[in-house]
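Everything numeric here is computed off the predicted structure, so don't read it as measured data.
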Amino acid sequence: MRFALRNRRTMAEHHNEQEEQRRNKLAEIRQMGVNPYPATFTKTHDAHQIVTGFSDDTQEQFADVAVAGRVMAVRRMGKASFCHLQDHSGRVQIYFKRDDVGEEAYDVIKKLDLGDIVGVRGHVFKTQTGETSVYAKEFTLLTKSLAMIPIAKEEVNEDGTVTRYDAFADKEQRYRKRYLDLIANPEIKDVFVKRARIITAMRRYFDERGWLEVETPVLQPIYGGATARPFVTHHNALDIELYLRIADELYLKRLIVGGFEGVYEISKNFRNEGMDKTHNPEFTSMEIYVAYKDYLWMMEMTEDLLATITRDVNGSDIITMNGTEISMKPPFRRARMFDLFQEHTGMNLRGLSRDELVAAAQTIGVPVDPSWSAMKVLDEIFGERVEHHLVQPTFVIDYPVEMSPLAKAHRSEPGLVERFELFINGKEVANAFSELNDPIDQRQRLEEQARIRAAGDFEAMVVDEDFLHAIEVGLPPTAGLGIGVDRVVMLLTGNDSIRDVVFFPQMRPERTLSDGHE
RNA sequence: GAUCUCGUAGCUCAGCUGGCUAGAGCAUUUGACUUUUAAUCAAAGGGUCCUGGGUUCGAGUCCCAGCGAGAUCACCA
């Protein structure tokens, strides 16, 4: 009966047996004169502090503690009961004895359900079997839970590991109802704590160097800075179409034009494209622009940044992904794109025409569509033959100009731009260039994009006249970098799905009942 | 968008080539038990078998369509 869970809100009158029982208990508790939803509770300790801090030597400090949390297990034995409370730090066992906690409180304790939130005051002790527990003297119901919660039984093994029986494992329900996932599988909180630490470390790194965190528009009249399809929305008062940003690049460069010499933004971007293990329609990116620097400098900054973050959150330079060790210790390998082609295909693809590239692809057995552009063919060969080799951090540098309409022409290599992409574990993690600041060149590049767009490629860029005007006013030499924050989090937490590093990944809407409940 | 796999109780799952009133463990209810710990013991309740069609004497099971999910591929960060 999946839809019973899914459409609870639309079926307010329809409760199953167990939910009906909980509502009855709620009424009974109210009749006993107990408020099932009081306003506050004063905690003195976290579960973790008690479990790790209590000993024969410290028992004085734990003579009077107050803890609160969600009831995760109850074992009743007539006039005494044990339960496990779970708070943000972990679990602790509570011992309730009717003669100590009082008969009225014990009557409420008898009605406790898994998922209720309670507060307990008492002293800490060790049970006969040696588990550190709180011996309750006072009990307060803090929140009566009315909905069923998929709490599984757990066994703590001798080595301290936990075996969970019949755990809440349905990926769909875990993503849709993340609050249940967090309750039932609390260890996933570590991923999100680490995510927060990564972002904090990144911010600290930039702030320490004097670069300014800024905010630029999410709603943009012209989208740009990347090749992607946008989400479209409508502003009623202005009666115009607006686009959710696909990148913040063009606005951040305007700020460098305006005189800031280092700006960064950590922001959600939105791309109206497919979803899979590494793509969510909204995702977090970090973009930073620093004046008077180039992509060579940016490579050093990037490897130092990522090494610093890795050490901060993982305490080591080594990360392990599906059993593969990846060293985040600088310097990272640097390889020119066409050298990598040479290395992994044995062919020199530099300067080949489209037809020659198609022929080359066929020679090495990469299937290509003859209608594709030269750049598309090159990209395909890279994806098929090169990318998955780039497990250890590798800067791929010096891309063809056609692939990079916002990057500065290479200072010594005609036809290439000063750009790098950083690959780790076979996936792109960062993208950066010496920013194009030649206004004539920039205009030509965007106009070329417009032609590609007119020819039917909706991902090609749109000409942004105001941005071009800003470049004409004068952008100093500038290095820019974008990092896929979700991907960094995936790497540092060992997850291979973006859905496991985002609290609420995008899901198809659930089906509603056909009979008009909605 | 394509292909494959899956959808049975609150949770985790059985249910063979279609055949009695659809099962188990946990969870729930009632009773016993004042240091238990996957507590135990006794009894009980709980199901639109994802949805809609079809085949059949008979469908959880077979067929078709739809919805949702996961995996793989394609596009992208």
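For Asp276(A) against rC75(B), a side-chain N or O and a base N or O form a donor-acceptor pair under 3.5 Å. Under 3.5 Å, the side chain of Glu172(A) and the base of rG68(B) form no donor-acceptor pair of N or O atoms.
Heavy-atom distances to RNA chain B give each of Ala228(A) and Glu154(A) a nearest nucleotide, and the one nearer the 5′ end belongs to Glu154(A). Two residues, Phe125(A) and Ala169(A), neighbour RNA chain B, and the one matched to the more 5' nucleotide by heavy-atom proximity is Ala169(A).
Within 4.0 Å (heavy atoms only), Gly78(A) reaches at least one base atom of the nucleic acid. Counting any heavy atom pair closer than 4.0 Å across all strands shown, Thr127(A) reaches a base atom. If you check every strand for non-hydrogen atoms under 4.0 Å, Glu380(A) touches sugar and phosphate atoms only. Among the atoms of the strands shown, none is found under 4.0 Å from any heavy atom of Ala73(A). Across all strands shown, Asn272(A) has no heavy atoms under 4.0 Å from either base or sugar-phosphate atoms.
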Exercise. Please lay out, stage by stage, how Glu249(A) and Tyr251(A) fare under the test side-chain hydrogen bond (donor to acceptor under 3.5 Å, both in side chains).
Key: CA-CA 6 Å; Glu249(A) 171 150 358; Tyr251(A) 282 97; over 6 Å; no
Quiz item: So Ser434(A) and Glu418(A), side-chain hydrogen bond (donor to acceptor under 3.5 Å, both in side chains) or not? Walk me through it.
Solution: CA-CA 6 Å; Ser434(A) 300; Glu418(A) 298 199 349; 2.7 Å; yes
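Remark: Gln128(A) is in phosphate contact with rU36(B), judged by side-chain N or O atoms under 4.0 Å from OP1 or OP2. One finds no side-chain N or O of Arg98(A) lying less than 4.0 angstrom from the OP1 or OP2 phosphate oxygen of rU34(B). For the OP1/OP2 pair of rU72(B) and a distance below 4.0 Å, the side-chain nitrogens and oxygens of Lys277(A) include at least one atom meeting the criterion. At the phosphate of rU40(B), neither OP1 nor OP2 sits under 4.0 Å from any side-chain N or O atom of Arg75(A). In this model, the phosphate group of rG10(B) is approached by a side-chain N or O of Asn16(A) to a distance below 4.0 Å at OP1 or OP2. The phosphate of rG25(B) has neither OP1 nor OP2 within less than 4.0 Å of any side-chain N or O from Lys153(A).
Taking the C1' atoms as reference points, rU36(B) lies 27 Å from rG45(B), given to the whole Å. Taking the P atom of each, rU51(B) and rA59(B) are spaced 15 Å apart, rounded to whole Å. When the P atom is compared between rU40(B) and rC57(B), the two are found 50 Å apart, to the nearest whole Å. For the C1' atoms, the distance linking rG18(B) with rC49(B) amounts to 15 Å, nearest Å. The gap from the P atom of rC67(B) to that of rA22(B) amounts to 31 Å, rounded to the nearest Å. Spacing of C1' atoms, rC13(B) relative to rG53(B), comes out at 29 Å, to the nearest Å. Comparing the same atom, P, in rA42(B) and in rA27(B) gives a spacing of 15 Å after rounding to whole Å. Between rG58(B) and rC20(B), the distance separating the two C1' atoms is 12 Å to the nearest Å.
Between the NZ atom of Lys110(A) and the C1' atom of rU28(B) there is a distance of 17 Å, given to the nearest Å. Separating the CG atom of Asp170(A) from the C1' atom of rG70(B) is a distance of 10 Å, rounded to the nearest angstrom. One atom, CD1 of Ile149(A), and another, C1' of rC26(B), lie 16 Å apart when rounded to the nearest Å. Rounded to whole Å, atom C1' of rC11(B) lies 14 Å from atom CD1 of Ile183(A). Remark: P of rU35(B) and CD1 of Ile94(A) are 17 Å apart, rounded to the nearest angstrom. Across the protein-nucleic acid pair, Met77(A) atom CE and rA38(B) atom P stand 13 Å apart, rounded to whole Å. The interatomic distance linking Met275(A) (CE) with rG70(B) (C1') rounds to 12 Å, in whole Å. Rounded to an integer number of Å, the gap from Arg229(A) CZ to rA74(B) C1' is 15 Å.
Judged by the 6.0 Å distance and 45° axis criteria, Arg419(A) is not positioned over the aromatic ring of Phe433(A).
Picking from rU35(B), rC33(B), rG70(B) the nucleotide with the shortest atom distance to the side chain of Arg499(A) gives rG70(B). Which of rU28(B), rG70(B), rU36(B) sits closest to the side chain of Lys171(A) comes down to rG70(B). Nearest to the side-chain atoms of Lys25(A) among the listed nucleotides rU35(B), rU28(B), rU34(B) stands rU28(B). For Met507(A), the side-chain atoms get nearest to rG70(B) when compared with the rest of rU34(B), rA77(B), rG70(B). Comparing rG70(B), rU28(B), rA77(B) against the side chain of Leu114(A) picks out rU28(B) as the nearest. Of the listed nucleotides (rA77(B), rA69(B), rG10(B)), rA69(B) has the atom at the smallest distance from the side chain of Arg176(A). The Gln18(A) side chain lies nearest to rG10(B) when the options are rA77(B), rG10(B), rU29(B). Minimum atom distance to the side chain of Gln21(A) is reached by rU29(B), of the listed rC11(B), rU29(B), rG68(B). Relative to the side chain of Glu384(A), the nucleotides rA74(B), rA77(B), rU28(B) differ in distance, and rA74(B) lies closest. Relative to the side chain of Arg508(A), the nucleotides rU36(B), rU28(B), rA69(B) differ in distance, and rA69(B) lies closest.
The closest side-chain heavy-atom distance from Ile94(A) to His84(A) is not below 4.5 Å.
Remark: rC62(B) base-pairs with rG54(B); criterion is Watson-Crick or G-U wobble with both hydrogen-bond distances under 3.5 Å. Applying the Watson-Crick and G-U wobble criteria (two distances, each under 3.5 Å), rA32(B) pairs with rU40(B). Nucleotide rA69(B): paired with rU5(B) (Watson-Crick or G-U wobble, both distances less than 3.5 Å). As the counterpart of rC49(B), no nucleotide is assigned, since no Watson-Crick or G-U wobble pattern has both distances under 3.5 Å. Across all strands shown, rG23(B) pairs with rC13(B); the Watson-Crick or G-U wobble distances both stay below 3.5 Å.
A distance cut-off of 5.5 Å between ring centres, combined with a plane angle under 30°, places Phe283(A) in a stacking arrangement with the base of rA77(B). Centre separation under 5.5 Å together with a plane angle under 30° does not hold for the ring of Tyr165(A) and the six-membered base ring of rG25(B), so they are not marked as stacked.
Using bins of under 30°, 30° to 60° and over 60° for the plane-to-plane angle, the ring pair Tyr295(A)/Phe420(A) lands in the parallel bin. Taking the six-membered ring where tryptophan is involved, the planes of His45(A) and Phe62(A) are tilted, since the angle between them lies from 30° to 60°. Ring orientation note: the planes of Tyr399(A) and Phe382(A) are tilted relative to one another, at an angle of 30° to 60°.
Ring to ring, Phe231(A) and Tyr243(A) are not that close: their centroids are 6.0 angstrom or more apart. The aromatic ring centroids of Phe96(A) and Phe139(A) lie less than 6.0 Å from each other.
Ion pairing between Lys177(A) and Asp170(A) fails under the 4.0 Å rule for side-chain N and carboxylate O.
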